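Scroll down for the structure; my scribbles are underneath it.
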Amino acid sequence: MKQYIYGITAFIALSIAASSCSISYSFSGSSIDYTKVHSIAIKDFPNMSPLVYAPLSQKFNETLKDKYTRRTKLQITRDNGDMSLEGEITGYNMTPQAVKEDAYASQTRLTITVRARFVNKANSDNDFEKTFSAYQEFSNERTIDEVQDELCQIIIDEIVDQIFNETVANW
């Protein structure tokens, strides 16, 4: 009988606790007031880094625009948006990480750095100019030519996520 009473009490307590909790989640990942903001002007980010990987700028720009197209209801424009995003790729660097006993690196880190400027005409408190970067490491058993496309896309995705979160996600 005691087990029955404990079971009912536990059920009632869980029911009350569950009904008093409220979870709010946006499936788009953004918190945009669409009554004030309808468009975002995204200018192409040129590759200004000293070490140039030719397809980097195009891949970055396509991924960035695609993110806003898929995750928001904003119209993407070239100029005069309610919000604007522009910048440049400022770094594409490879640095040795793990050195073996023969003084050669066994791991190399590929880092991409992007400077972005964001303006929100509806709320200037959100304006910023920031630098974002991400990296991936690869074994020197493979050449940069073998891993470059794959690593760049992973890094680009991460930087685009950082920029998206900073501009419209308000996490």
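From a predicted model like this one, the values you see are computed outputs, not experimental measurements. Count residues from 1 along the sequence.
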Exercise. Looking at CG of L151 and CD of E146, how far apart are the two atoms once the value is rounded to the nearest 0.5 Å?
Worked result: 11.0 Å
Exercise. Measuring from T167:OG1 to I42:CD1, what's the distance to the nearest 0.5 Å?
Worked result: 8.0 Å
Exercise. Atom CD1 in I40, atom CG in L74: separation rounded to 0.5 Å?
Worked result: 6.0 Å
For this session: Measure across A116 and I163 and return the closest heavy-atom pair with its distance rounded to 0.1 Å.
Result: CB-CD1, 4.3 Å
For this session: For Q58 and E62, test the side chains for any donor-to-acceptor distance below 3.5 angstrom and give the result as yes or no.
Result: yes
For this session: Under the side chain to side chain contact (heavy atoms under 4.5 Å, CB included) rule, what do F128 and V119 come out as? Steps first, then yes or no, please.
Result: CA-CA 7 Å; F128 67 80; V119 175; over 6 Å; no
Seminar exercise, completed: The single option from I155, T113, L110 that satisfies side chain to side chain contact (heavy atoms under 4.5 Å, CB included) with Y92 is L110
Exercise. Side-chain contact, heavy-atom cut-off 4.5 Å: I112 with F60?
Worked result: no
Scan the side chains in residues 46-57 for donor-acceptor partners under 3.5 Å anywhere in the protein, sequence neighbours excluded, and list what turns up.
| residue | atom | partner | partner atom | Å |
| --- | --- | --- | --- | --- |
| N47 | OD1 | S49 | N | 3.1 |
| N47 | OD1 | S49 | OG | 2.7 |
| S49 | OG | L51 | O | 2.7 |
| Y53 | OH | D149 | OD1 | 2.0 |
| S57 | OG | F45 | O | 2.6 |
| S57 | OG | N61 | ND2 | 3.2 |

Exercise. Distance from Q97 atom CD to N140 atom CG, nearest 0.5 Å?
Worked result: 10.5 Å
Problem set entry | Closest non-hydrogen atom pair, G81 against A41 | N-CB, 3.7 Å
For this session: Determine, step by step, whether K130 and R115 satisfy the side chain to side chain contact (heavy atoms under 4.5 Å, CB included) criterion, reporting the C-alpha distance in whole Å, the side-chain angles of both residues, the deciding distance to 0.1 Å, and the verdict.
Result: CA-CA 6 Å; K130 288 188 179 180; R115 183 173 42 234; over 6 Å; no
Problem set entry | Heavy-atom closest pair, residues K67 and F164 | CG-CD1, 3.7 Å
Exercise. When rounded to the nearest 0.5 angstrom, what is the spacing between CG in D82 and CG in N123?
Worked result: 12.5 Å
Exercise. When rounded to the nearest 0.5 angstrom, what distance separates CZ in R117 from CD in E129?
Worked result: 5.0 Å
For this session: Starting from the C-alpha separation in whole Å, work towards a yes-or-no answer on side-chain hydrogen bond (donor to acceptor under 3.5 Å, both in side chains) for T143 and D145.
Result: CA-CA 5 Å; T143 67; D145 291 336; 4.9 Å; no
Exercise. With a 4.5 Å limit on heavy-atom distance, are the side chains of S139 and Q107 in contact?
Worked result: yes
Exercise. Salt-bridged, K43 to E88, with N to O below 4.0 Å?
Worked result: no
Problem set entry | Intermediate values then yes/no, salt bridge (Lys or Arg N to Asp or Glu O under 4.0 Å), R71 and D66 | CA-CA 8 Å; R71 302 287 300 272; D66 186 54; over 6 Å; no
Exercise. Under 3.5 Å, side chain of T63 to main-chain N/O of D157, donor-acceptor pair present?
Worked result: no
For this session: Verify whether one side chain among T77 and Q75 offers a donor that lies under 3.5 Å from an acceptor in the other.
Result: no
For this session: Using the test side-chain hydrogen bond (donor to acceptor under 3.5 Å, both in side chains), find all partners of D127 that sit at least two apart in sequence or belong to another chain.
Result: none
Exercise. Do other residues, nucleotides or ligands put more than 12 heavy atoms under 6.0 Å from the CG atom of N80?
Worked result: no
Exercise. If every non-hydrogen atom of A134 is compared with every non-hydrogen atom of Q162, which pair is closest and at what distance?
Worked result: CB-NE2, 4.3 Å
For this session: Just do the side chain to side chain contact (heavy atoms under 4.5 Å, CB included) check on L85 and Y68 with the steps written out, would you?
Result: CA-CA 11 Å; L85 182 60; Y68 284 88; 3.8 Å; yes
Seminar exercise, completed: Heavy-atom closest pair (R142 atom, V147 atom, distance to 0.1 Å) is CZ-CG1, 3.3 Å
Problem set entry | Steps toward side chain to side chain contact (heavy atoms under 4.5 Å, CB included) verdict (M94, I144) | CA-CA 9 Å; M94 287 181 281; I144 186 65; 3.6 Å; yes
Exercise. With a 3.5 Å cut-off and no angle check, do the side chains of T111 and N93 form a donor-acceptor pair?
Worked result: no
Exercise. With a cut-off of 6.0 Å (strictly less than), are more than 12 heavy atoms of other residues, nucleotides or ligands near CZ of F132?
Worked result: yes
Exercise. What closest approach, in Å, do K36 and A122 show between heavy atoms, and which atom pair accounts for it?
Worked result: CB-CB, 4.0 Å
